[in-house]
Amino acid sequence: MSFALKLSHPGAWRAARLSTLLLALGACLPGAHAGPHWSYDGHHAGPAEWAHLDPAFEACGIGQAQSPIDIRNAVTADLPPLEFHYPDSAATLVNNGHTVQINLPAGATLKVGDRVFNLLQFHFHTPSEEAINGKHAAMVAHFVHKDADGKLGVVGLMMNVGPRANPAFAGVFAHLPREGETITVEGLTLDLAALLPKDLTYYSYAGSLTTPPCSEGVSWMVLKQPVQVSAQQVAAFRALFRHNARPVQPLHGREVLVSH
Ligand SMILES: [Zn+2]
C-alpha cells in the first residue's frame with residue numbers, strides 16, 4: 001500500500017491562503033458572477049427550492065434523470081472496466097462554500113470502453129449523496145471527469161468510518177480550507193491511485209450534476225467497494241460542512257447496471 005504524501009522534507013508544508021478580500025474582488029469581476037445563493041438546508045434555498053432560484057436551475061425540478069439515486073435492483077451487465085490512469089499529482093484545495101474541492105492539473109485520465117475522460121477535480125459530500133440499497137455512507141468522494149466531447153463522467157467513491165485514518169486522504173483532510181479559501185500546500189503531492197479501492201466493480205446509470213444547475217447527460221459510475229476513513233477525518237470535514245448532500249431523486253424508469 002503506497003503512502004499518499006510525498007514531502008520534500010517534513011515540516012515543509014506551508015499553506016498559502018488567499019485572502020477572502022481577493023476572492024471578494026474576484027467575485028466583482030465580469031464573468032465571475034457566482035449565480036444565486038443555494039444551500040442544503042433552510043426553507044428558502046434548500047434542494048426543494050433550487051429549481052425556483054434561477055431559470056437556469058429548471059432541471060433541478062423537472063429533470064427526469066436526476067442524481068443522486070438510491071441504487072438498488074441493479075442489473076448485471078457486460079460493462080467495460082474502469083481503467084484509471086491516475087498519476088501522482090499536485091493539488092489545489094478550494095472551499096467553495098458548498099464543499100471542499102481538490103482541483104488537479106491535466107494528466108489523470110479514466111478510460112471506459114472507447115471513452116477517455118480527463119479528471120478535473122474531486123470533492124466530498126456528507127453523508128454520501130447516493131445510497132446503496134437505502135444505505136448511505138458517512139461520506140462520498142466524487143471524481144469529476146470530462147471527455148473530448150465535453151460530456152461529464154463522475155465516479156462516486158463511498159467512504160465508511162473505519163478504525164484507522166486513510167493515509168491516501170491524509171494530505172487533504174489535514175489541510176481543509178475554510179470558506180472562501182484556496183489552499184496550495186507546498187510539497188503536497190496526492191497519490192491519486194491510492195484513493196481508489198482494489199475492487200473496481202461499479203454501478204452505472206445516466207444522471208445529472210447533484211448541485212445547481214442539475215444538468216443532465218452525466219455518466220455516473222459508483223464504485224461498489226467503499227474505502228474507509230477515520231471518524232476524525234469525517235469530523236474534520238463535518239466541522240466545515242455539517243451536511244452537504246442532495247436527497248436521492250426518483251429513477252423515472254432509468255435502469256441501473258452493475259459490472260461483473
Ligand atoms: Zn458531488
Side-chain angles (χ1 to χ4, degrees), residues 4 65-71 74 77-89 91 93 98-132 135-160 166 168-169 172 190-211 214-229 237 244-246 248-249 254-260:
Q66 291 288 293
S67 295
I69 60 166
D70 180 11
I71 294 165
D78 233 345
L79 297 174
L82 302 181
E83 298 175 47
F84 291 97
H85 300 281
Y86 279 8
D88 291 1
S89 183
L93 285 64
H98 303 296
T99 189
V100 170
Q101 182 172 309
I102 295 83
N103 291 328
L104 302 161
T109 60
L110 165 63
K111 191 166 176 286
V112 191
D114 297 336
R115 300 179 75 184
V116 178
F117 294 96
N118 292 299
L119 176 63
L120 306 176
Q121 47 101 341
F122 66 95
H123 61 265
F124 304 102
H125 302 270
T126 189
S128 69
E129 295 197 298
E130 43 282 89
I132 298 177
K135 277 196 68 175
H136 292 264
M139 293 181 67
V140 69
H142 286 159
F143 294 81
V144 181
H145 309 75
K146 196 184 252 189
D147 73 9
D149 299 326
K151 299 279 190 199
L152 294 178
V154 184
V155 172
L157 172 62
M158 303 289 259
M159 302 164 70
N160 286 330
N166 185 324
F169 284 100
V172 171
L190 295 178
D191 180 352
L192 296 175
L195 303 175
L196 303 167
K198 281 196 181 69
D199 181 352
L200 298 178
T201 302
Y202 67 104
Y203 301 101
S204 169
Y205 80 96
S208 73
L209 301 179
T210 66
T211 57
C214 307
S215 315
E216 296 185 347
V218 178
S219 300
W220 276 90
M221 295 153 276
V222 178
L223 293 168
K224 191 173 182 180
Q225 184 177 25
V227 294
Q228 294 199 335
V229 293
F237 185 79
N244 67 336
R246 187 189 194 193
V248 294
Q249 303 294 304
R254 279 174 291 172
E255 193 169 52
V256 181
L257 304 177
V258 61
S259 65
H260 288 293

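Every side-chain contact (heavy atoms from CB on, under 4.5 Å) that Thr201 has, sequence neighbours left out, goes to Asp199, Lys224, Val258, Ser259. For Ser219, the side chain to side chain donor-acceptor pair (under 3.5 Å) test picks out Arg115, with sequence neighbours left out. Scanning for side chain to side chain donor-acceptor pair (under 3.5 Å) contacts around Asp149 gives an empty result, with sequence neighbours left out. Applying the side-chain contact (heavy atoms from CB on, under 4.5 Å) criterion to Thr126, with sequence neighbours excluded, gives Met139, Phe237, Arg238, Asn244. For Ser128, the side chain to side chain donor-acceptor pair (under 3.5 Å) criterion is met by no residue, not counting sequence neighbours. Considering only residues two or more places apart in sequence or on other chains, Gln225 meets the side chain to side chain donor-acceptor pair (under 3.5 Å) condition with none of them.
Tyr205 has its side chain within reach of Ser67: a pair of non-hydrogen atoms, C-beta onward, lies under 4.5 Å apart. Between Glu130 and His142 there is a side-chain heavy-atom pair separated by less than 4.5 Å. Using a 4.5 Å heavy-atom cutoff, the side chains of Phe124 and Val172 are in contact. Using a 4.5 Å cut-off on side-chain heavy atoms (C-beta onward), Val227 and Phe169 make contact. Residues Met221 and Leu82 have side chains in contact (heavy-atom distance under 4.5 Å, counting atoms from C-beta outward). By the 4.5 Å heavy-atom criterion applied to side chains, Leu152 and Leu209 are counted as neighbours. Side-chain contact between Phe143 and Leu195 is present, with heavy atoms from C-beta onward closer than 4.5 Å. No side-chain heavy atom of Asn166 sits less than 4.5 Å from a side-chain heavy atom of Met159.
Rounded to the nearest 0.5 angstrom, Asp191 CG and Asp88 CG are separated by 4.5 Å. Between the CD atom in Gln249 and the CD atom in Glu129 there is a gap of 9.5 Å [rounded to 0.5 Å].
Using the six-membered ring where Trp is involved, His145 and Tyr86 have ring planes that are parallel, under 30° apart on the 30 and 60° scheme.
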